[in-house]
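Everything below concerns the one structure shown next.
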There are 4 protein chains.
Amino acid sequence: MKNHIIPAMVKDERLIAKRRQQIVDGAVQLFIKKGFHKTTTREIARKCNMSIGTMYEYIQNKEDILYLVCDYIHCKMEKKIRRVIAEQDSGMESLVKGFRQLLKVMDEMRSYVLLIYQETKSLPKARMKFVLQNEENITAIFEHILEKGIQDGTINLEPQSVKLMAHNIMVIGQMWTFRYWSLGRFYTIQEYTEQQLNLLISQLIRNRSTSLNSIESDVDFA
Amino acid sequence: MKNHIIPAMVKDERLIAKRRQQIVDGAVQLFIKKGFHKTTTREIARKCNMSIGTMYEYIQNKEDILYLVCDYIHCKMEKKIRRVIAEQDSGMESLVKGFRQLLKVMDEMRSYVLLIYQETKSLPKARMKFVLQNEENITAIFEHILEKGIQDGTINLEPQSVKLMAHNIMVIGQMWTFRYWSLGRFYTIQEYTEQQLNLLISQLIRNRSTSLNSIESDVDFA
Amino acid sequence: MKNHIIPAMVKDERLIAKRRQQIVDGAVQLFIKKGFHKTTTREIARKCNMSIGTMYEYIQNKEDILYLVCDYIHCKMEKKIRRVIAEQDSGMESLVKGFRQLLKVMDEMRSYVLLIYQETKSLPKARMKFVLQNEENITAIFEHILEKGIQDGTINLEPQSVKLMAHNIMVIGQMWTFRYWSLGRFYTIQEYTEQQLNLLISQLIRNRSTSLNSIESDVDFA
Amino acid sequence: MKNHIIPAMVKDERLIAKRRQQIVDGAVQLFIKKGFHKTTTREIARKCNMSIGTMYEYIQNKEDILYLVCDYIHCKMEKKIRRVIAEQDSGMESLVKGFRQLLKVMDEMRSYVLLIYQETKSLPKARMKFVLQNEENITAIFEHILEKGIQDGTINLEPQSVKLMAHNIMVIGQMWTFRYWSLGRFYTIQEYTEQQLNLLISQLIRNRSTSLNSIESDVDFA
DNA sequence: CATGAATGAGTATTCATTCAT
DNA sequence: GATGAATGAATACTCATTCAT
C-alpha cells in the first residue's frame, strides 16, 4: 500500500494502518451499495464504529477514503493473481494459470472491481494516477508472462503486440464485471473463462495442434 | 430516440425535440469536462442559453438530462456504424468494415463514450435498463455479422461463442476510450485498429492463409 | 358579489362573470383537497379548462382567486340562510328556524366553510377585510332576529349581549366544521343541532316552561 | 412534551431540549407575524441565533418546527389552566375558576392560539393528530369538571351533553382569538368573560337564584 | 487521541406571473 | 380575447469539514 501519501493527524503508524483498514472495510460496502457520491461521510463513520471526528484524524477528505478503497482492492487483486505464478512454469503455463486466476478473482471481487471501475473518475487527478498505476502493475504481470512465453517459445506473438495483448487480457477479465448484466445471462464464469481462454490461445499459437487440455487448471471456482 | 418516455410541460412536439437537443448539446460538454455530479443544473441551463425554468419545462429532473445525453450518444454511434454495413458484403467483409468503423467512431466520440461508461450508473434503475438496451442493440449488429459470416463460410466460429465474440468486439472498441490513458501512449488509433483486427481475425479463420490486406479499408481516420 | 373590486383585462362584464364562476368552481375543489398554498395556478387553470393566460385575463394574482372563492361561499351561505327567515315570524320563531338552517348549511358546506376558515389569513389585509365583512353580514342576520325577539317579547336577552349572542350562534355553526373531527364521533348533525338549540334556548327564556316542540322544524337534513 | 417523536441528529438530550426551545421561541414570533408558509427556514435560524445547519440537527423538516411550536403552546395553555383547578372545589366552583382562567389564558396567548388555529392544517396528517389530541386533553379538563358538578349537584346538565358543553366552553375561549377583530371592538376581555360566564351559567342551573357573585374571581387580568 | 456539535456554502426544483403570437 | 412558452427569484434541505472540549 502507498497509503503513506495520505497524511494523518495521528503519529502511531500501527494505529493508522488499523484505523484505515477499519475505514476501508466500512466504506467498501457502502460504496458498492450506494455509490461514492451517495454515501455520506457520516454513514461511513457510523459503519466503521468511529466518530466522524476520529475518522478525519486518519484522512483528509472523502476522496481519500475512495483512494484507500481502490488501493486496497487493487492490492488484494494483485496478491491473489501473483500467488499462482511460479518461476519454473513456462510462459504459456503461466499465462493459462494466470488467466484463469484473473477470472476467478474478477468473479469473486466482481462488485469491488466494478466499484473501482465506476468511481475512479471521482478521484482528483493526482490520486487517479496512482490508481491507474496500480492497474498497470497488474497488467504488467501479464506483459511479463507474455514476454517469457515468447522467449521460451511457448507463445507466438509479435513483440509490438505484447502490451496490447496484456491489456486485452485485463479487459477480458474486467468485462466480466461491467458487462455481467448481459454476459451473466448466457455464460457461467467457468464457461466464460474457458471460451475466452480458447479464443485467446488461438491468437497465441502458430497452429492449434497444441491442446489446452495439456495444461491442467488448478483453479477451482468456488 | 425514446425520449417520448420523458414527459414535458410543453405540448409542441417540434419544440420539445429542438429544446431537448439544445439541452443535450450544452450538457454533454459539461458532463465530459466535469462529470455528471459536479455539473449543476444552472450551469447546464446557462450553457444552452436557457433559463432554468425553461429547461425544466422540458425535463423532470437532472437525471433526465443524463438519460437524454446517453440516448443521443448511443443513437449517433449506432447510426454511424450501420452506415458502413452493406447487404451484399460477405460476413467477413462486413466484420472488417464494421470493426474499423467501430474503432473510428470510438476514437471520434472518445469522450462521449467514456461519459456513458462512467455515468450510466448514476441513472435510476429503470432508465439504466434503457441505456444498456441501447448498448446491446449495437452489440447485436456484430452478432448478426458474425452469424452471416458463419453461414456464408467466411467466418469460422462456434455458434455458442457468437455472443461472446460480439461482446469482445464491442469491448475492444470501448477499451480504446477507457484505457486511452495507457494505450494512447503506445499506439495510434490506426495501429491499435489494425493490430486488434489482426488478433481478431486470427480467432475467426481456420488457417491464417487468408490475408487481411485483401479487404481494403474504406475507413479514413480524420 | 363585490367582484367588481377585482380589475380584469377583459371588458365584457357578462364574460367576466361567467369565466370567474368557472375559475371559482375549479379552484374550490382544489383548495378543499390540497389547501390554498399547495394548489398551483396551473392546476386551477387546468381544472377549469382554461389556459393560464386566459385565467390571468380575469384575475390579477392567485390571491384574487382565493378571494373570489371566499366571496362565493359566503354569498351562497347568506342566501341559503335568508331563505328561511320570514317577516311575519316572531323573533323566537325566526331564531329557531334560522339556527336550524344555519346548521344545515354548515353541514352541507362543511368543507367550504372550513376552507374559508383556514385560508382567510392568506389573503392580503385589504381583501381579508371584505371577507370578514361578509361574515359579519351573516352574523348581522342573527343580531336582527335577536333584536326583533327582544322587542316582541319572545326572547329574553340583555341588549348589551345581543352582539355576543349573535357571534355565539355563528360560532356554534362554525364549530361543527372545524371541530367535526371530534364532534362527528359523538353526534349526528341532527343531535348536534337539537342539543345546541336546547342549550341556546335555555339562555334566551326567562323560565323553561316554553317548550321548543311548539316550534316545528321545517328543516330537513338530507 | 412528546418531542421524543421527532428524531434529532444530536445525542445529548439536554442539548436537544435547550436548542428546540430556542427554535420554538424564534419561530413563534415569525409564524405569528408572517404565517408558517411565508416564514423561511433561514429566517427562523437567524432569529434563534443558529446556523441553518445547526437547526437541522435538531429537526427533520420545517413542519417539525410548526409541530414543536403547537405542542409548546398547548402544553403551556394546559399547565396554566390546570393551575387554578383545586381538588376541594365543587364542580361549579371549578367551572367558574377554570372558565375565567381559560379566557385569561386565551387573551394572554391570543396570537399563539390563533396561530395553532390557522396553521394546524399545514401539518402532515400524523402530526396533526397529535396536536388535535393535545387540544382534546384540554377539553377533557372541562369535561371532568362538568361531570364532577353533575355528581355533587352543583351543575345541572344532561350527561349526553357533557362532551358538547366542554367543546362549547373551549370554543368560547378560542373565539376570543379568532373573532377578536370583531369582538374586540365591542367588549373588553373582562366584559366578554363575565357575559359569557353568565350565559354559560344560565345553561347549567335549574333556576337562576344562585348568584355568580358568590364565587369570587381569583383571576386578575393583567 | 477521541468526540460530535456547529457550520454555511451549495443545489435541485418549483411556480406565480408575463407577454409575444 | 385566447394561448402557453419563457422566466428566474425564491426555498427547503444536505453534507463535507472543522474545532473546542
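Just so we're on the same page: letters track the sequence lines, and every chain starts at 1.
Around the NZ atom of B:K129, the shell of radius 6.0 Å holds no more than 12 heavy atoms that belong to other residues, nucleotides or ligands.
Taking atom CD of residue D:E43 and atom P of nucleotide F:dC13, one finds them 15 Å apart after rounding to whole Å. Counting to the nearest Å, the P atom of E:dA16 and the CD1 atom of C:I23 are 14 Å from each other. As a whole-Å value, the separation of A:Q60 CD from F:dT18 C1' is 13 Å. Look at CE on B:M50: it is 17 Å from P on E:dA12, rounded to the nearest Å. Here the C1' atom of nucleotide E:dT7 and the CZ atom of D:R46 are 15 Å apart, to the nearest Å. Rounded to a whole Å, the CD atom of A:E57 is 13 Å from the C1' atom of F:dA20. Between C:I52 atom CD1 and E:dA20 atom C1' the separation is 15 Å, expressed in whole Å. Atom NE2 of D:H37 and atom P of E:dC15 are 11 Å apart (whole Å).
Taking the charged nitrogens against the carboxylate oxygens, B:D64 and B:R127 do have a contact shorter than 4.0 Å, which makes a salt bridge. One finds no salt bridge joining A:R19 and A:E57 here, because no Lys/Arg side-chain nitrogen approaches an Asp/Glu carboxylate oxygen to under 4.0 Å.
Using a 4.0 Å heavy-atom cutoff across all strands shown, B:M9 reaches sugar-phosphate atoms only and no base atom. Looking at heavy-atom distances under 4.0 Å, D:K38 makes no contact with the nucleic acid at all. Within 4.0 Å (heavy atoms only), A:T40 reaches sugar-phosphate atoms of the nucleic acid but no base atom. As judged by a 4.0 angstrom heavy-atom cut-off over every strand, A:R19 is placed among residues touching the sugar-phosphate backbone only.
Looking at the side chain of C:K62, the nearest of the listed nucleotides E:dA5, F:dA2, E:dA16 is E:dA16. The D:L15 side chain lies nearest to E:dA6 when the options are F:dA2, F:dA5, E:dA6. Side chain of C:Y58, nearest nucleotide from F:dG1, E:dA2, E:dT17: F:dG1.
For F:dT14, the OP1/OP2 oxygens have no side-chain nitrogen or oxygen of A:R42 closer than 4.0 Å. For the OP1/OP2 pair of F:dA5 and a distance below 4.0 Å, the side-chain nitrogens and oxygens of B:T54 include no atom meeting the criterion. For C:Y56 and F:dT3, the shortest distance from a side-chain N or O to OP1 or OP2 is not below 4.0 Å. For F:dA12, one of the phosphate oxygens OP1 or OP2 lies less than 4.0 angstrom from a side-chain nitrogen or oxygen of D:T41. OP1 or OP2 of E:dA6 has not a single side-chain nitrogen or oxygen of D:S51 nearer than 4.0 Å.
A cation-pi arrangement is found for A:K62 relative to A:F36, the charged atom lying closer than 6.0 Å to the ring centre and inside a 45° cone about the ring normal.
Remark: F:dT21 base-pairs with E:dA2; criterion is Watson-Crick or G-U wobble with both hydrogen-bond distances under 3.5 Å. Across all strands shown, F:dT14 pairs with E:dA9; the Watson-Crick or G-U wobble distances both stay below 3.5 Å.
With the nearest nucleotide of DNA chain E identified for both D:K11 and B:G53, D:K11 has the one nearer the 5' end. The residue among C:V10 and B:M55 whose nearest nucleotide of DNA chain F is located toward the 5' end is C:V10.
Taking all atoms of both residues into account, the shortest heavy-atom contact from B:I5 to B:F130 is CD1-CZ, 3.5 Å.
By the side-chain contact (heavy atoms from CB on, under 4.5 Å) test, C:R46 pairs with C:R42, C:E43, sequence neighbours left out.
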